[in-house]
Structure formats: structure tokens, C-alpha cells
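Heavy-atom basis, side chains included; hydrogens, waters and symmetry copies ignored. Here is how names work: the chains are called A, B, and so on, in the same order as the sequence lines, proteins then strands, and each is numbered from 1.
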Number of protein chains: 10
Amino acid sequence: MLRNLPPILSPSLLYALRAMGHGDEIAIVDANFPAESSGPDCVRLDGISATDTLKAILSVMPLDTFVAAPARTMQVVGDPDAVPEIVAEFQTIIDDTADKPARISTLERHAFYEAASHAFAVVQTGETRLYGNIILTKGIIEP
Amino acid sequence: MLRNLPPILSPSLLYALRAMGHGDEIAIVDANFPAESSGPDCVRLDGISATDTLKAILSVMPLDTFVAAPARTMQVVGDPDAVPEIVAEFQTIIDDTADKPARISTLERHAFYEAASHAFAVVQTGETRLYGNIILTKGIIEP
Amino acid sequence: MLRNLPPILSPSLLYALRAMGHGDEIAIVDANFPAESSGPDCVRLDGISATDTLKAILSVMPLDTFVAAPARTMQVVGDPDAVPEIVAEFQTIIDDTADKPARISTLERHAFYEAASHAFAVVQTGETRLYGNIILTKGIIEP
Amino acid sequence: MLRNLPPILSPSLLYALRAMGHGDEIAIVDANFPAESSGPDCVRLDGISATDTLKAILSVMPLDTFVAAPARTMQVVGDPDAVPEIVAEFQTIIDDTADKPARISTLERHAFYEAASHAFAVVQTGETRLYGNIILTKGIIEP
Amino acid sequence: MLRNLPPILSPSLLYALRAMGHGDEIAIVDANFPAESSGPDCVRLDGISATDTLKAILSVMPLDTFVAAPARTMQVVGDPDAVPEIVAEFQTIIDDTADKPARISTLERHAFYEAASHAFAVVQTGETRLYGNIILTKGIIEP
Amino acid sequence: MLRNLPPILSPSLLYALRAMGHGDEIAIVDANFPAESSGPDCVRLDGISATDTLKAILSVMPLDTFVAAPARTMQVVGDPDAVPEIVAEFQTIIDDTADKPARISTLERHAFYEAASHAFAVVQTGETRLYGNIILTKGIIEP
Amino acid sequence: MLRNLPPILSPSLLYALRAMGHGDEIAIVDANFPAESSGPDCVRLDGISATDTLKAILSVMPLDTFVAAPARTMQVVGDPDAVPEIVAEFQTIIDDTADKPARISTLERHAFYEAASHAFAVVQTGETRLYGNIILTKGIIEP
Amino acid sequence: MLRNLPPILSPSLLYALRAMGHGDEIAIVDANFPAESSGPDCVRLDGISATDTLKAILSVMPLDTFVAAPARTMQVVGDPDAVPEIVAEFQTIIDDTADKPARISTLERHAFYEAASHAFAVVQTGETRLYGNIILTKGIIEP
Amino acid sequence: MLRNLPPILSPSLLYALRAMGHGDEIAIVDANFPAESSGPDCVRLDGISATDTLKAILSVMPLDTFVAAPARTMQVVGDPDAVPEIVAEFQTIIDDTADKPARISTLERHAFYEAASHAFAVVQTGETRLYGNIILTKGIIEP
Amino acid sequence: MLRNLPPILSPSLLYALRAMGHGDEIAIVDANFPAESSGPDCVRLDGISATDTLKAILSVMPLDTFVAAPARTMQVVGDPDAVPEIVAEFQTIIDDTADKPARISTLERHAFYEAASHAFAVVQTGETRLYGNIILTKGIIEP
């Protein structure tokens, strides 16, 4: 553990967050998401919720302001405008924790898979709530 | 996730538990333990308590009955007979979960480090309570 | 071996099943199938029948309910509607063991090869009966 | 599969048997044996009995005639002269299958572990009977 | 060496032959063939003739009966109907050794290179006779 | 870069600091130190001073209170009681930055090399001042 | 460190510069640039400015005279003709240090990313000024 | 060193030449050529001239007679018919050393780069003369 | 194949012979020798006799004159002064082929195994005659 | 190639020299020296003399002044006080090139082998003169 850093930021997760640059993306996914086969390096956080993971990551990672949608979730299949409770929680965490809060955008399910396959890393959490997935774009640290 | 298996048994942890044989040992250690430098393969469970980890492991792994001390914890430095609250919890979990419950034995701190260095694997949990460490010896499945 | 888990679920096979997510597929193939050259990681179960393998896998892996055909076998060449005895046995095992039983669908031989090449893993069994091949899609564990 | 070769001789097992030379040893061990941590390369035959494995190996591998004890089993703890039923079966298989039959010798349990740690390979079978372990020494093919 | 197996079947070659499945191909090529750059794993048999290699391989590997041309050689450049002496020898060996003898088919030189690049393995022999190349397709072992 | 973290904590350095446990040591060494051959993983910070490196590391890593000497420098050869200016700066940084300030101890030159060879990692800085070397012992994060 | 060589030319950076040939490119990028995911090998110089890095590299690497634009920077988004202060500094360094000074050309932002993805190596500096990125083409050493 | 073999044929270079087959190509390139990024394995002969390298290689490698241009050099940019002195030397060495002398053909500069990218290996010499590059095609050893 | 080099000198064998220096040893062993477990890199020449291998190696490798016994064979167990026919052939080949012929010395069987374990490489031939083993010490090429 | 650096300093050699620290040693050895089996990483400079190599290395690497013998050669066997011509040349180069010239010391032949086995790297040159071996100790760059 380190001083002033959330303990769930493991060695590999800290490495990935620090190595990412402006525009790189990280996907936080739930326990059912096919993370290991999605392509990017997979960082595991078995047993940890996606909301705790989001909070920990946003405590150190700046959110991008150059793109229109720096935080994206997966649309409910058949009900693209629905806002699952966990997505509402995601929004609250972003509002409370991010350096540059942003409104969550949504992606159709297969577009979300496609986007995750281009992420810098995918964090497989132990989140059991469905639709507990979110992709974040890293911003810059101002000089 | 799999049916009827505790979700914190990650792919790597399940692999280790299944690959272990009679007499092989696994160390469950707290968040301050020097697990990565202890020698054996290190399986990370950041953010998960040592007690939940013990419970999950004992739900699938048989405890050894051939050795006198199949469950060993670290003695409190300067007070070898003390029983920290977490060790008492470990005992309750063993009594409730193990196929062959056994009394926990203790090892002097450096003897514990030495024993951990010979384990099949070391599981680094997010346990923040001090002395949240235990070494288990795998038993056999009767024919 | 582990408690309450079929012993033919080897370390590698347990790892793969646990690492797979919703929508990932696993192919169980017979002893003549070109498994090692099919592309995915190959888990070997030499000498074990495809039916025992199916039973063991379905005892831990949920079957998908999102797709129309979560269990697919290879059509007999020249007689696509034939149901080889082993396929009938597959159906019985699914009916008896799966959390969400489903009717087996079939794929033309080359379509089956193509599907297997996209699986998360291919399990090469020792099945000697011809057409002893089946592809399963992993479902979710409900919250 | 190959013509005239027992199908449980997997690619890795055939490789090891062919690569071994005069005096190299192979250990066939039961499902509870700590094979993966014993040191040598571990070839898995989950679900296969130790007796079938012995039969298959002796059908291709010559037994050594230079050493006094080319086939060694583990003594029953506390009863070194006992001959468990599976050891009796081992002897029958050697008598029936080996090119140069030999009487099985025994090793005290820890001496057996030590000997296994120097083998060319350890074959982890699915044998559930206790004491289902045997170490064979490879002989020569006469010119 | 192993009992009843031709000694030129080296550990790597036995591994490849055993790992191949129905429809996988193996190319036996002469000493001038660009084997190491052809793509597949290259098994070397320096100093051994292609004919001895063919004989050894067919003694364990079944020839395919599903495809029209399970044995293919390279056409003589400029004389596609010529039958070099070594190809005649190949045919005799197939007739004498294969479980399911078949007539050798031929491929134009570049088509042969292309076919070899998709083989499971390429065996570089020490054959010095020109056109000493043949591609075999593995068949099945009947139940 | 990450929010609230000194930018010279590179991905590899953050990984090492986070992976270290109680009692693990990290050596910060000057540009002339034989770091790459010292044994532990070498993290490079070419061009960065040892003092800036110390400040950055202590901003996240707790200093040990269990051992008598959690911060050790190399004695000046021939003048073991001398306190080079850079060592005085090290002490000031520890006093200002560490969670648990401690007095720096010293080690004879070869004892320092020996201690560095057992560290978790060695950080090769661009420090050009001689004796710009210090070994730190990681402490615990209290529950 | 080596005689007469700038100390920030680390082992890996010297290796890359020496291994590069005529026409190979190296990208010097700022601390926010997504260097680790850009494709080429990434050499880190955390905490070092892009200008010091440029000066050090040009002290040993010849600039190409065969191509029209051997030094290229990223255009300011929305103001392609702007010359950020750091780019002006880059030009001064080239004029003072390069063996064959050249005028800096510019690339639109995404064209710059694309060009960087084909570089021999990307040097991630600690440069905090925005637009602190430059791609250099290596020239020849005349006979 | 070996008897009767030019000492500049290093272990790696001998390996490559021996492993190459009929039609495989090897590129000998000068000290400015971007060899390490050209794609094929790069064998270094720093400080050795391209002419000495050509002589050594042709002393063991047969030149192809099946293709029209078994030896190809790079055309002078802007003067495709020019014959640089080093190319004239290449021709003399081929005439004196090759088993089957052949006239050197030329390739436009980018076609040469393209051809080199498909070679079996690229030998980076220390040749300082410009245009000191040649691609050779390996022939056969007659039975 | 290469000009003027025995074709059984494979890429790996040529590499080893060229990489060896003064005093390095190479063991040529028969088909029953436990070569793969002997420690050094193992070069396979399945199907080739030890005598042909010796002849090929001595055609390029100088024999040492600094040591008393640059060629050593294994003593017949129980008859240390016996000279098996194959050893007599080895002597004839050395007399005919080596640059500096030497009398063969002998080593007791276990001393031979020990010596082989320190060789630069072990060449496993297909020699079927017993005692077809010899260790050679490489000499120097005079300036 | 790089500006102002001797071209025989290859990428690997530059890397080693730059990575070495105070007290690390580098061995320059002749073409007959058993460099590849000596233990340290082996950098090859086939065809280059040991004297040219020494000159190039000393042009960038400082010689140590802390140890009594920063440059050591091998004593002539049987004549330990002899100074071979090449050793005299080594001394002249050190006097002319080193930043801190030093008198060459000598080591008995086996002591030299032992010392070389602890070097940071061994540079195998093409030096054909006997006794063309020297071990250098790296010094520091003063602040």
C-alpha cells in the first residue's frame, strides 16, 4: 500500500494508469464481461465493485476535456435510453471525484465491445450488477 | 464467474488451488506483507479481506490431516500467546468451513516468513488488520 | 483435486472456464479433431470422453440465454439432419446438467471449424466416436 | 492419435518418453501427489488411472536392466511391507507388458519424494487410489 | 529411442505427428528446400533421406481418405507430367506402408510452396535428390 | 502523469513502490553506482537528482518504524564519520517529507553494496554528486 | 555515464540511436503524449525536458538531408500556423546543435500521431509544456 | 574460429547461411542502411567492409541459377545506370568467388528496400562507402 | 546446405562449433545416452552415426593440443581396458581427419557423465552401437 | 553510426558500456577465447582487432583510479614476466587514450578466466594474435 492512494489501485493498475497518455482509454467492466478475450491487457480486481474502482481511478486520473464523450457506458439492450441504477451511481462519482466532471454518454452494446477492444487496459471487477461497465478517456495534466 | 464457486476465486487462484497436491501450502497474507518478494508466485486480491479469502479457499480446498499443524499464523511480536481478533476469526472460519477442522498453530514472525517462502503460492489480500496472515496445508481427496 | 469439483477439470481448464466471460465460447472436440492447429489455446484431456467433459464443464459453467444457439454440433457430412448417438447424449447431458437447458443447433462442417477458431479455448478430449464435437457459449451469473 | 500407439500417450508425454535416455526416470503419480511443485516438468493425464498410464508407457519404453530397482513405489506409511492392491496391479502390468520385467522395489515416503524430484518428468494421473505412484527407469534399445 | 518406433522419429517429430489432427498436413522436404522460412515449425532431420522419413512417418500416421489428394509432390518445372525416380519411390512406400494407400497427386512448384506454408510442420531432411518433397494429409483413427 | 503524484514516479517505479511490502528495501543510487549489475531490478531515472527522487518516493512510501535503521547511506571511504552535503540534504528531506522521520544510519562501502544487492529495486538516478546513495525500508500503512 | 556523452542518453536511448539507420525516425514527446500505446519501443526520460532531450540527441545523431522535412512538430489544434514557444526553442537547438540544421516542418495533429507510430522509437520525456513533441529523421555519416 | 572458414562468418551468420534454402535471400548492407528496422533478423558485422563480407559469404553459399538476377544492388538515386566503384568490386568478387558467377542487376532505391524487407537475414556491415548494399539469392547444392 | 561443408553440420551444430572457444568441449553421444537431461544444449542428429558425426565435426573444428586428453571415450563397465570396435573407428577418424591427431583417453562411466555435463553442447546421434560416445576439446586456430 | 563515436561501438556494446557503473569490468578477448561459455553477456566484434576495440572503448569509458589494477592481461603460460607484443600495444593505447592512464597488471591464466567470468560483458573480437585479452575496470565521471 502507499500513502494517500486507494489500496485497490494495485501495482499493475497503477502502472497502466501512469503509462497512459492523453486520449488513451481504460475500460472498467463487470464480472460477466468477456474481459480476458477483449484484446487489451486485463487487470483483475476480483470481488471489487465497479463503482469503487471508478472512484479510485478518478482520484488519480484526469478526465479528458478534448473529446465530447470522455465517459461512456453500454446501452441497455432494447432500451437505449434507460439509465440503470449503477450508471446513475457512475455519474454521481464522476460529479464528485473527477477533476473535470462530464456527462456520461452511451454506446450500443456491440459498439461498446468494439471500443473496449481498443482500450489501453480493461479492468475486470467483481461487479455483479448488470451493465456495470464504463470506458474513460484520460486527459492531460496542465503544465 | 462460475456456478457455485465464490467469485473471489480468480482464474489464477483457482489454477493454483487445483494444481496443488497433498502437502503443498498456500499463504494468505495481509496488505502490508512483503508478498511479491517472498519467493512463490503471488496471486493478488487487492481490496479483499483475509477472512473472506480464507472462507473462499476452504470451500474448495481440503485441509491436511497428516500434519500436526495444517493452519499456521504469525505470533504477535513480543506477545507470542496473544490471539489477535483476526486470528480468532480465522479459527471460526476453519471450524465452520473446513472439511477437517483443525486448531490453528503459530509460528514466530521470521519462521512464518521462512515458511511462506516455501509455499506453492502467496495470496496478497487487501486485509488492513495487522497479523492477518495464515498458511494452509492442502490435504487429500479420499478415493 | 478440489472439493465438489469434477476431477477432470484440470488447472488449465478451470482457469479458462473462470476467465471466460459472457459470450465467450469453448469447444469440446474429439480425438481426431485438428485442435492444436485450430487457433485458440488447446487444453488436452487425452483419454477422456467428450460426454464426461461436457458434463464436468456444465456443472460449473452457465449456458448463455442471450443467443439463440448456445450449444452447437457439427452436421454429419452428406446428412445434415442426422443425429449421431453422441449428439443425442450431448442433448441429454445438457437437459440434465445445464443451469439453462437449450436445444442443440448444428453447423455445417466448415462453419464448425470456423466457429471453433474463434473460441476462447478448445478442449481436445480422447473421444473416439466421430462427430464428438460441441461448442458452448458461456452465459452470465445473475446478480 | 497415431497408429498402434495408446491414445493416452499425449504429444507431451510421447516427447518426454522419446527424449529420455538410458537411466532417466519418469514418475507416474496419483491425483493427490504434489506433482506440479515436485520440480520436473509435469505432464497431466487428468482422469486417467495410474495403471492405464503404466501400461501405455511400458508399451513403448524399455525398462532398465542395469540398475537393481528400475520400478519403485512408495511404502505405506507405518507399514513398509504392505502391498496395496494398486501396487500388486502395477506388478502384474510390468510382468505382462515390460520388455524386461522386474520386481518392484519400494522407497520410504520422503525418499520417494526426493527420487521424484530428480525424474525427467512427472505424470500426474487422475488415480484416486492412495499409493498410486511408481517411478520407472528407462533402459536401452539393443543395437 | 522407443520400442517399435523408427528411431528417426525424433521427440519433436513425434510431438508434431501426435498433435496433428484430421486434415492437418505435414511436408517432408529435401535439403535444398527453403524450409526454415516457409512459415510452419521446422523439424530437422539432417542427413536422413526423404524416403526413409516418409516410411517412418507413414508407419504411425494414418493417411486421409476424406480428401482426393492426401499425398502431393512438386511438378518438375517445365515437365509437369514427369515422374522423378524419387517420386516413384514415394509411391512405392505409400503402397507398402500407408494404412490407406493413395495415388500421389502433383502441384505446380509455387502451389507446392503455398501448400507447404499452411502445413502443421515442415520436416527438413538431408535428401539430396531434387524434387524430394511431399505433403501428406493426416487421416483419422477409426473408433 | 497522474493527479497529485510527482511526475518522476514513472510507471515502473510506481509499480515497484506499490508492490513492495513491509520490510522491503529500495536503493536510490547515483549515476556512477553499478546499479545494473547489482542484482535487483533496476529502474532508471537518468538526469534526475537523488534528492528529488528521495522526495518523490517518500511522498508515497511509508518509512519503517520496526527496524532501527530505515534509511542508510554509504560511509565516505577513509572518513566514516563524514557527512557529505548530499547526505545532509537527504536528512532534511526525510525530516520534511517522511511520515515517520528517522535519523540516517551509515554502512561501510562494501556493506552498502551488499545491502543494495538484496533490495526490491535499485533506482539509478542521474545524481552526479559522489555518495548520492541511500537505501530505504518500507513501513506499513496503519489499519 | 560515459566520457563526452550527455548523461541523459541512457543505455536504451544510446542503443536505439546507434541502431537506427538512414531514414529511421525518432519521436521526442511530452509527458502527456500517449507514448506507450503509440506502437514503437518507448524509451522513458521522466522528468527531463523535451528541449534537453533534443539537444542531447542531436549531439550524436546526424539529421537527414535527403528528405525535405527531417524535423517535424505538431500543429496547434485550430491554429496551424502558430509557433509555440517550445517549438521556437526546438528550432534554436537545431540551428545550434545539428550537423545539418534544417527548418522545422509541421504536421496536423493526427498526421503527427500517425507518423510517430512508424518511428524507430518514441522518447517519453517529462516535458510539461503542451506541444512539446518533435520527430527527427536520422541522416548518414559521410564516408 | 573454424578450420577453412573465413573468421568473419560469425555463429549467427553461419547459422543463417546454413538454414537458408533455395531461393532465400540475404542482404549485405552498409553502415548507414536502416537494417535493424528493415524487418528480417539483423546480423551485425560492425567495422567489416561489405566487400569482405560478400567474399566470405560466397565462399560457402551457392548462388542461384534459377532466377535471372541472383545478385542485386541499389541504383544511384538520379543516375540509375551509374556503377559505383564498390559495385564494380562486388562484380569482381562474384566473378572470382561464386560457384556460378552472375551479372549484378540493379533495383531502384525503394524497390531495394522492399526486397531487403523479404530477405532471410540482413547483414549490417561497417561499410562506409555509399551504395555498399547487395542482395544475394541462395542456389542449390547439386546432388 | 553450404559449399564444402558436410551436410550433417546443421544450423545449430555449426553455430555451436563456431561459438566454442579454446578449451570448450563438445560431446558426441549415442542414441541411448541421456543427452536431453545432461545439462548442456542438446543438438539432435537422429539417425546419423557417431562416426559420421565425428568425421564431420573434425573437418572444421581444431583439436586441442594444450590438454593431455582432447578426445575421451567411456570405459566399458567392468572392463576398463577394452577397446570397443566403435572406439577403434573413432581413433582412425581422428588419425585421418583431425588437424592435430591425438590418442583417445578413457573415462570411467560416471566420470564421463560428469564431463559431458560441463560440455558446451551435447550432440545426440542415432548411433545404435553401445559406447558410441566421445568428448572433444576444441583447440585454437593459429594466427 | 553516430557522430564522434567510433563505428565499432555497436548498439549492444554502447549499451553495455553506458549501463556499467563504477567498478564494473569489461573483458576484451581474442578470437580463440571461450567467450560464449564464460558466463557474462557476450558482445561479438568478429573480424576486429583487440587493439582497435580497446582504443574505441577507452575513448568513451573512464578507467578506474580506485583499484590498483584497472587493466589486466593474461600471463604467458610458463613465462609470467613476458610481455607479448600485443600487450605492449595495449599499454601504448592506454597511455594515449585513457583519461587516467594506468600500468597493465597481469593475471595467471586461470585467474584471468575466473576474473572474466565476473565481468559485466565479454567482447569477443576477431583478434588472431595469442594473448590478445584484457580486462578493464570502469571508473567514475567526476561531478
Item to check | By side chain to side chain contact (heavy atoms under 4.5 Å, CB included) - contacts of Ala71(B) (at least two apart) | outcome: Ile94(B), Ile104(B), Ile134(B), Leu136(B)

Next on the checklist: Please classify the contact of Leu5(B) with chain C as side chain, backbone, both or neither, using a heavy-atom distance under 4.5 Å.
Outcome noted: side chain

Item to check | Segment of Leu58(C) engaging chain B (4.5 angstrom heavy-atom cut-off) | outcome: backbone

Below 3.5 Å only, please: all the donor-acceptor pairs between chain B and chain C, one per line.
from	atom 1	to	atom 2	distance (Å)
Met1(B)	O	Lys138(C)	NZ	3.0
Arg3(B)	N	Val60(C)	O	2.7
Arg3(B)	NH1	Leu58(C)	O	2.6
Arg3(B)	NH1	Thr97(C)	O	3.3
Pro7(B)	O	Arg18(C)	NH2	2.7
Leu9(B)	O	Arg18(C)	NE	2.8
Arg18(B)	NE	Leu9(C)	O	2.8
Arg18(B)	NH2	Pro7(C)	O	2.7
Leu58(B)	O	Arg3(C)	NH1	2.6
Val60(B)	O	Arg3(C)	N	2.7
Thr97(B)	O	Arg3(C)	NH1	3.3
Lys138(B)	NZ	Met1(C)	O	3.0

Next on the checklist: What part of Leu9(B) gets within 4.5 angstrom of chain C, counting heavy atoms only: side chain, backbone, both, or neither?
Outcome noted: backbone

Next on the checklist: Strictly by ring-ring contact (aromatic ring centres under 6.0 Å, His included), give each pair with a member in residues 70-106 of chain C just once, sequence neighbours left out.
Outcome noted: none

